[in-house]
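Below is one structure, written out as structure tokens; the observations come after it.
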Amino acid sequence: MNEYLERVHQILARNNFTAAKGLKPLLAEKDHVRMCAPLTPDCTNGHGIAHGGFLYTLADSTAGVTAYLDGRSYVTADSHMQYISNLREGMIYSDGQVLHRGRTLVTVLVDLTAEDGRLLAHGTFNMYHIDTRYL
């Protein structure tokens, strides 16, 4: 296991929500993370498709983990999601890529795709570095 994947496992181990939703890391390298999560019935809306809040949460979690690859702690400062398509079942894949890494803000682009490669959503997340000594 490389050092980046080890960091991803560390942060996910501290997050009960991502564990409960089955978020699994697949790849981690400098400024890039790929993860997946199953679409379960409790994550669908009244139409039987993936709930937008679940897709957002998956993207937000991916952005946070991607930012964390430098070993510092982050929270979401702001974000923008574009929902493109949807699905009723299967795995959802999330790819986070750092676009810019500044002193206090990291901008991460996240794509969510279905198993067939279809783009489900695209997001831009600005992650703010926090000093955990003051929490």
Side-chain angles (χ1 to χ4, degrees):
M1 180 180 314
N2 70 37
E3 68 178 289
Y4 298 114
L5 195 53
E6 189 173 316
R7 285 184 189 155
V8 171
H9 280 284
Q10 288 172 357
I11 195 167
L12 291 178
R14 296 191 313 249
N15 188 322
N16 293 330
F17 182 79
T18 56
K21 294 302 173 194
L23 191 59
K24 302 278 187 243
L26 301 173
L27 170 83
E29 53 195 16
K30 183 173 176 19
D31 292 337
H32 176 241
V33 169
R34 182 167 171 81
M35 300 193 290
C36 68
L39 178 59
T40 55
D42 64 318
C43 295
T44 60
N45 62 22
H47 304 290
I49 58 177
H51 191 285
F54 174 66
L55 295 175
Y56 178 88
T57 299
L58 181 55
D60 182 55
S61 296
T62 300
V65 168
T66 304
Y68 179 76
L69 290 176
D70 69 0
R72 301 187 316 160
S73 295
Y74 292 89
V75 295
T76 305
D78 65 50
S79 64
H80 178 77
M81 282 286 289
Q82 294 173 306
Y83 298 93
I84 312 295
S85 187
N86 213 311
L87 72 166
R88 293 187 180 280
E89 61 183 12
M91 293 297 285
I92 300 172
Y93 295 88
S94 61
D95 279 283
Q97 180 67 51
V98 170
L99 178 65
H100 172 75
R101 191 178 288 281
R103 187 176 56 82
T104 58
L105 280 178
V106 175
T107 302
V108 180
L109 303 179
V110 178
D111 284 335
L112 301 181
T113 55
E115 290 177 275
D116 61 8
R118 186 168 32 103
L119 182 63
L120 301 174
H122 171 78
T124 304
F125 292 79
N126 286 306
M127 309 303 293
Y128 180 74
H129 165 63
I130 58 170
D131 189 338
T132 57
R133 293 177 298 174
Y134 302 109
L135 294 181

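Only heavy atoms go into these numbers, but all of them, side chains included; no hydrogens, no water, no symmetry mates.
- Distance OG1/Thr66 to CG/Leu99: 12.5 Å, rounded to 0.5 Å.
- Between Cys36 and Met91, the shortest heavy-atom contact is SG-CE, 3.2 Å.
- Side-chain atoms of Tyr93 and Leu26, non-hydrogen and from C-beta on, do get closer than 4.5 Å to each other.
- Between the CG atom in Leu105 and the CG atom in Asn126 there is a gap of 5.5 Å [rounded to 0.5 Å].
- Put simply, the side chain of His122 reaches to within 4.5 Å of the side chain of Thr124, judged on heavy atoms.
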Run Asp42 and Lys21 through side-chain contact (heavy atoms from CB on, under 4.5 Å) and show every step you take.
CA-CA 10 Å; Asp42 64 318; Lys21 294 302 173 194; 2.7 Å; yes
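- Taking NE2 of His9 as the start and NZ of Lys24 as the end, the distance is 9.5 Å to the nearest 0.5 Å.
- When all heavy atoms are compared, the tightest approach of Thr132 to Ser73 is CG2-OG, 3.4 Å.
- Rounded to the nearest 0.5 Å, atoms CD1 (Ile92) and SG (Cys43) are 8.0 Å apart.
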Step by step, would you call Met35 with Val65 a side-chain contact (heavy atoms from CB on, under 4.5 Å)?
CA-CA 10 Å; Met35 300 193 290; Val65 168; 4.3 Å; yes
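- Taking the side chain as every heavy atom from C-beta outward, His51 and Thr44 never approach each other to under 4.5 Å.
- Between Thr18 and Ser61, the shortest heavy-atom distance links the atoms CG2-OG, 3.5 Å.
- For Glu89, the CD atom sits in a loose shell: 12 or fewer heavy atoms of surrounding residues, nucleotides or ligands are nearer than 6.0 Å.
- Under the 4.5 Å side-chain heavy-atom criterion for ILVMFWY residues, no single connected hydrophobic cluster contains both Leu109 and Tyr56.
- Crowding of Tyr83 atom OH: a count of heavy atoms from other residues, nucleotides or ligands under 6.0 Å exceeding 12.
- For the atom pair CD (Glu29) and CG (Asp31), the distance works out to 9.5 Å, reported to the nearest 0.5 Å.
- Note that OG1 of Thr62 is 6.0 Å distant from CG of Leu23, once rounded to the nearest 0.5 Å.
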Show, in sequence, the C-alpha distance, side-chain angles and deciding distance for Tyr68 and Val33, and conclude whether the side-chain contact (heavy atoms from CB on, under 4.5 Å) test is met.
CA-CA 10 Å; Tyr68 179 76; Val33 169; over 6 Å; no
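- The closest donor-acceptor contact from the side chain of Asn86 to the backbone of Ala50 lies under 3.5 Å.
- Checked by atom type and distance alone, the side chain of Arg72 never pairs as donor or acceptor with a backbone atom of Asp131 at under 3.5 Å.
- Leu69 places a side-chain heavy atom less than 4.5 Å from the side chain of Val8.
- For Asp116, the CG atom sits in a packed shell: over 12 heavy atoms of surrounding residues, nucleotides or ligands are nearer than 6.0 Å.
- Using a distance-only test at 3.5 Å, with no hydrogens or angles considered, a donor-acceptor pair links the side chain of Asn2 to the main chain of Ala28.
- When all heavy atoms of Ile130 and Tyr74 are compared, the closest pair comes out as CG1-N, 4.3 Å.
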Checking Thr76 against Met127 for the side-chain contact (heavy atoms from CB on, under 4.5 Å) test, could you report, in this order, the C-alpha distance in whole Å, the side-chain angles of both residues, the deciding distance, and whether it holds?
CA-CA 5 Å; Thr76 305; Met127 309 303 293; 3.4 Å; yes
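- Using a 4.5 Å heavy-atom cutoff, the side chains of Thr113 and Arg118 are not in contact.
- By the criterion of side-chain heavy atoms lying less than 4.5 angstrom apart, applied directly or through intervening Ile, Leu, Val, Met, Phe, Trp or Tyr residues, Met81 is grouped together with Phe54 in one hydrophobic cluster.
- Residues His32 and Leu27 are in side-chain contact: their nearest non-hydrogen atoms beyond the backbone lie under 4.5 Å apart.
- No path of Ile, Leu, Val, Met, Phe, Trp and Tyr side chains, each step under 4.5 Å between heavy atoms, connects Leu5 with Val110, placing them in separate hydrophobic clusters.
- Asp70 and Arg7 are not joined by a salt bridge, as no carboxylate oxygen comes within less than 4.0 angstrom of a charged side-chain nitrogen.
- Of all heavy-atom pairs spanning Gly22 and Pro38, the tightest one is O-CD, 3.7 Å.
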